[in-house]
Amino acid sequence: SNDGTFDITDSTLELNDTSGTQNIEGNLFKDNTVKNLIISNDVNVAGTANDTLNITGTLSFNASTAELKTGDNITLKSSIGDVVSFLNAC
């Protein structure tokens, strides 16, 4: 069971809603962290203070028209031996 958050700290999340822009917040995820995030449609990240979305693996785009509005609230984090990457798969 969880407390209403998704544990994607070692997984991949693709946002690909066809009905419009998706809105996400860092606190939707365990430790505000997603390992890999794939943007396939327009996405807005909430600009809420102290609610930064951390990406520890890969941030990539899977559609040439997809837009990511960060709300100045995304951090690409790396650690010793691991490097965060940004890919454009379009």
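All heavy atoms count here, side chains included; hydrogens, waters and symmetry mates do not.
The side chain to side chain donor-acceptor pair (under 3.5 Å) check on D10 picks up K35, with sequence neighbours excluded. Judged as a side-chain contact (heavy atoms from CB on, under 4.5 Å), and not counting sequence neighbours, the contacts of T70 are L68, D72, I74. The side chain to side chain donor-acceptor pair (under 3.5 Å) search around T33 returns none, not counting sequence neighbours. When the side-chain contact (heavy atoms from CB on, under 4.5 Å) test is applied to D51, the partners found at least two apart in sequence or on another chain are E25, N27, N32, T48, N73. Not a single salt bridge (Lys or Arg N to Asp or Glu O under 4.0 Å) links D31 to another residue, sequence neighbours left out. Considering only residues two or more places apart in sequence or on other chains, S19 meets the side chain to side chain donor-acceptor pair (under 3.5 Å) condition with D17. Taking the side-chain contact (heavy atoms from CB on, under 4.5 Å) definition, one finds that E67 meets it with D42, K69, sequence neighbours left out. Partners of T75 by side-chain contact (heavy atoms from CB on, under 4.5 Å), not counting sequence neighbours, listed by chain and number: T52, N54, K77. Taking the salt bridge (Lys or Arg N to Asp or Glu O under 4.0 Å) definition, one finds that K30 meets it with D7, sequence neighbours left out.
Of the possible polar contacts, none joining the N41 side chain to the T21 backbone as a donor-acceptor pair under 3.5 Å is found.
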*Walk me through it: do L37 and L15 pass the test side chain to side chain contact (heavy atoms under 4.5 Å, CB included)?*
CA-CA 8 Å; L37 181 61; L15 297 171; 4.0 Å; yes
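Looking at I38 and T58, their side chains never come closer than 4.5 Å, going by heavy atoms from C-beta outward. Looking only at side-chain heavy atoms (C-beta outward), L53 and I24 come within less than 4.5 Å of each other. Side-chain contact check for L13 versus F29: some heavy-atom pair is nearer than 4.5 Å.
Nearest heavy-atom pair, N16 versus S40, reported as atom, atom and distance to 0.1 Å: CB-CB, 3.7 Å.
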